[in-house]
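A short write-up of the structure that comes next.
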Amino acid sequence: MRAGKLFSLLLALAPALAQGLPQVRELAGRELYWFLVNRVQEAVVVGLPPASLGEALKEKRLTLVLGREAPPSWARGAKVVRLGGSPMAGWFLLADGRFFVAPKGEAFVVVESREVAATLYGYFAVALAGGK
């Protein structure tokens, strides 16, 4: 993520972060896989995560927010919302109304904060309401 985009994201999250410090963890890919399998029931995925992590989401209530890309096989049965335009350049997910998960170099960051999740979910609320 470029510095400008990161700054914009932090600025957008500022009101949510002002509510209190969220719990932030950094997990390796294998740890995140097991986190998704065991702790997550419902996820909104913006863009496409690596297929290995997608497999961890197979049995979850899943909403995919995509550009033009086709939903992968692990997302069979997921609600798909199209934002149009080009394929998504990156990805992140919101889980169970309290987790924000995104790549960070070779690892992944997991932010546990209902306020952060609600703020980000709010940006996609109109598109999510109209999804198929």
Side-chain angles (χ1 to χ4, degrees):
M1 185 178 282
R2 292 188 353 220
K5 287 184 179 182
L6 180 59
F7 179 74
S8 296
L9 179 62
L10 290 174
L11 188 59
L13 293 176
L17 293 173
Q19 301 294 318
L21 292 176
Q23 180 180 1
V24 179
R25 291 176 273 183
E26 193 170 309
L27 301 176
R30 189 171 202 58
E31 293 170 314
L32 181 60
Y33 176 89
W34 288 111
F35 173 85
L36 295 173
V37 166
N38 294 309
R39 298 274 316 264
V40 170
Q41 300 302 314
E42 181 174 7
V44 174
V45 183
V46 179
L48 291 175
S52 60
L53 294 178
E55 289 294 321
L57 298 169
K58 273 172 93 165
E59 304 300 320
K60 312 298 179 185
R61 287 184 304 276
L62 190 60
T63 300
L64 290 178
V65 180
L66 301 173
R68 286 191 314 226
E69 56 271 77
S73 61
W74 55 261
R76 203 165 288 128
K79 176 181 175 182
V80 177
V81 176
R82 298 285 181 183
L83 292 182
S86 62
M88 299 286 202
W91 70 274
F92 69 88
L93 69 84
L94 301 170
D96 296 337
R98 71 183 215 197
F99 297 109
F100 166 75
V101 178
K104 180 183 176 191
E106 296 295 315
F108 301 90
V109 65
V110 177
V111 178
E112 184 173 0
S113 169
R114 291 190 184 284
E115 294 82 11
V116 169
T119 300
L120 289 170
Y121 187 83
Y123 287 113
F124 292 97
V126 171
L128 293 172
K132 297 177 183 171

Q: Check whether any side-chain heavy atom of Pro103 sits under 4.5 Å from a side-chain heavy atom of Trp91, and report yes or no.
A: yes
What side-chain donor-acceptor pairs closer than 3.5 Å can you find for residues 43-71, not counting sequence neighbours?
from: Glu55; atom 1: OE1; to: Lys58; atom 2: NZ; distance (Å): 3.2
from: Lys60; atom 1: NZ; to: Leu36; atom 2: O; distance (Å): 3.4
from: Lys60; atom 1: NZ; to: Val37; atom 2: O; distance (Å): 2.8
from: Lys60; atom 1: NZ; to: Val40; atom 2: O; distance (Å): 2.8
from: Glu69; atom 1: OE1; to: Gly67; atom 2: N; distance (Å): 2.6
from: Glu69; atom 1: OE2; to: Met88; atom 2: N; distance (Å): 2.9

Q. With sequence neighbours left out, which residue pairs that include part of residues 34-61 fulfil the ring pair (Phe, Tyr, Trp, His ring centres under 6.0 Å) condition?
A. Phe35-Phe99
**Q.** Within residues 91-104 or reaching into it, pairs that qualify as salt bridge (Lys or Arg N to Asp or Glu O under 4.0 Å) - sequence neighbours excluded
**A.** Glu26-Lys104, Arg98-Glu112
Q.
I need the Phe108 CZ to Leu32 CG distance, nearest 0.5 Å.
A. 6.0 Å
